[in-house]
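What follows is a set of notes on a single structure, which appears directly below.
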Amino acid sequence: MRYFITTFGCQMNESDTVLLGSMLQEVGHQETLDINTADLIVVNTCCIRQSAENKILGYLGNLKHYKQAIIAVCGCMMQKDGIVEKLLKSYRNIDIILGTFSTAKLPMYVEQFAATSQKIIDVAEEYAEGDLANTNVHELKIQQGQRGHSAQVSIIYGCNNYCSYCIVPYVRGRERSRQPELIMRDIRQLAKNGIKEVQLLGQNVNSYGHDLKEKMDFADLLTQVNRVEGLKRIRYMTSHPRDFSDKLIKTIASLDKVCQHFHLPLQAGSNKILSLMNRGYTREEYFDLVNKIRIFCPHSTITTDIIVGFPNETAADFADTMEMVEKIKFDMAYTFVYSPRSGTPAAQISDQVTIVEKKMRLQSLQELQNSFSLQSNTKLLGQMVTVMVEGPSKNNPNVFSGRTDGNKIVLFKPLCAPKITARGYFRPGNN
Ligand code: 5AD
Ligand code: SF4
């Protein structure tokens, strides 16, 4: 069969999509980039905010035009209360529904559906053989020879934090660290295949290892990855400010391949809201952490996530967030309007901020942050920086796009025409 996969959501989902593709290829299916020619359409979903769910429901509605294809839907949204019922009632064109603990069973279910034409639903909430955290598909992906300069490697699945606004712990389950020897085996093989950068992924990478028999934490894992020959850069996503130990900061400062980019979701600047969010740190502790990072890693960039309009957020609470942004001067921030997620504690709080107020706060925050993002970029004017080239820029194939160690995108004109080699590298000249 020819399969076509669409991915919504975060890097974990992108990484899972690569694994899904590997599993399908392993049993003889081939990828098509043209949905019109697909015999199997897979949609990997997200439910972090209502806007993601709305987009996905619109997308699924449009799939009714592809009557020739088997339609399979998987990922976080399938695990959310009420969604399966909704899909069964209003999206009858969907043939296979898989939850996040059943993802690895997709090839088996495709075969079963092709033979029986009976709808398949598996949203079991248990860690079984369908859980990507336990499967050997990570190795499979690598054996198939991943192309490009960079590869994502999931190191921990799930989240134990239960931030009061967040649906992730409910749809992705509790933390499961992958075995360090399997992660290292994968990364060594990736480096042998020519991959120059790995991104270690998890909902909360710095709680890596707490559930392993062996005494091992994220700093120890980074130290091991740093030794892998051939690798040039190591990135990781996402870290929780509460779990960012001194040991981890010092380790990152001392390892030459680990990028000096810290993504530390602040979420809110008021202690009252941080406590309601169940974030486990105060604004003072967060500020101390940033200062420590800037002392040990003076050339680092610091980026963040911020939510505006959390229930009970007053104008004074929002002013605290603005003050933190003003004080810290992040290099970049992802900013979000709070979106109530049913089943989470925050959705039960009655004093929700109006949508008009949320949007006004978002705009003020973005205007303030934009001025600091510009300041951060302006600092690099006239400087020579090392970039990892990612390929031609989306808008102009004569211009190339790369990233600095601090994760800033740099567009540049190569001195001579670059070529794409068999492994997907872009090299100038004829080699
Ligand atoms: N509403 C708005 N933003 C959210 N995030 C997580 N849950 C919600 C929600 N219910 C944001 C957080 C997180 C990022 C990935 O998404 O800022 O860090
Ligand atoms: Fe959600 Fe908090 Fe876990 Fe991040 S740390 S995935 S925001 S519960």
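Each ligand, and each atom within it, is numbered from 1 in the order the structure gives.
Between Lys247 and Asp217 a salt bridge is recorded (basic side-chain N to carboxylate O distance below 4.0 Å). For Glu390 and Arg403, the salt-bridge test passes: some basic side-chain N is under 4.0 Å from an acidic carboxylate O. Classification of Arg361 and Glu313 as a salt-bridged pair holds, one side-chain N sitting under 4.0 Å from a carboxylate O. Taking the charged nitrogens against the carboxylate oxygens, Glu53 and Arg341 do have a contact shorter than 4.0 Å, which makes a salt bridge. Using a cutoff of 4.0 Å between basic side-chain nitrogens and carboxylate oxygens, Arg172 and Asp131 are not scored as salt-bridged.
Listed by number with element, the atoms of ligand 1 under 4.0 angstrom from any heavy atom of Gln267 are 12 (C), 13 (C), 17 (O), 18 (O). Every atom of ligand 1 with a heavy atom of Phe336 under 4.0 Å away is listed here by number and element: 3 (N), 11 (C), 14 (C), 16 (O), 17 (O). Using a 4.0 Å cut-off to heavy atoms of Val337, the atoms of ligand 1 that qualify are 1 (N), 2 (C). Near Ile307, with a cut-off below 4.0 Å to any heavy atom, the atoms of ligand 1 are 3 (N), 4 (C), 5 (N), 12 (C), 17 (O). Less than 4.0 angstrom separates some heavy atom of Arg341 from each of these atoms of ligand 1: 10 (N).
Considering backbone and side-chain atoms alike, Arg49 places an N or O below 3.5 Å from some N or O of ligand 1. Checking only distances, Asp305 does come within under 3.5 Å of ligand 1, N or O to N or O.
Shown are the protein N/O/S atoms under 2.8 Å from atom 1 (Fe) of ligand 2, given by residue and atom: Cys166 SG.
To the nearest 0.5 angstrom, Cys166 atom SG is 9.0 Å from Asn161 atom CG. Separation of atoms CD1 (Ile252) and CZ (Phe244) is listed at 4.0 Å; rounding is to 0.5 Å.
Side-chain contact of Glu197 with Ser150: a donor-acceptor pair under 3.5 Å is present, judged by distance alone. Remark: the Ser15 side chain and the Gln11 side chain contain no N/O donor-acceptor pair separated by less than 3.5 Å. Using a 3.5 Å distance cut-off with no hydrogens or angles, the side chains of Tyr59 and Thr6 do pair a donor with an acceptor.
With respect to atom 7 (N) of ligand 1, the closest heavy atom belonging to the protein is Tyr165 CD1, 3.3 Å. Looking at atom 1 (N) of ligand 1, its nearest protein heavy atom turns out to be Ser339 N, 2.9 Å.
Every residue two or more places apart in sequence or in another chain that forms a side-chain hydrogen bond (donor to acceptor under 3.5 Å, both in side chains) with Thr314 is listed here: Asp317.
Contact analysis puts Arg279 in contact with ligand 2, with a non-hydrogen atom separation below 4.0 angstrom.
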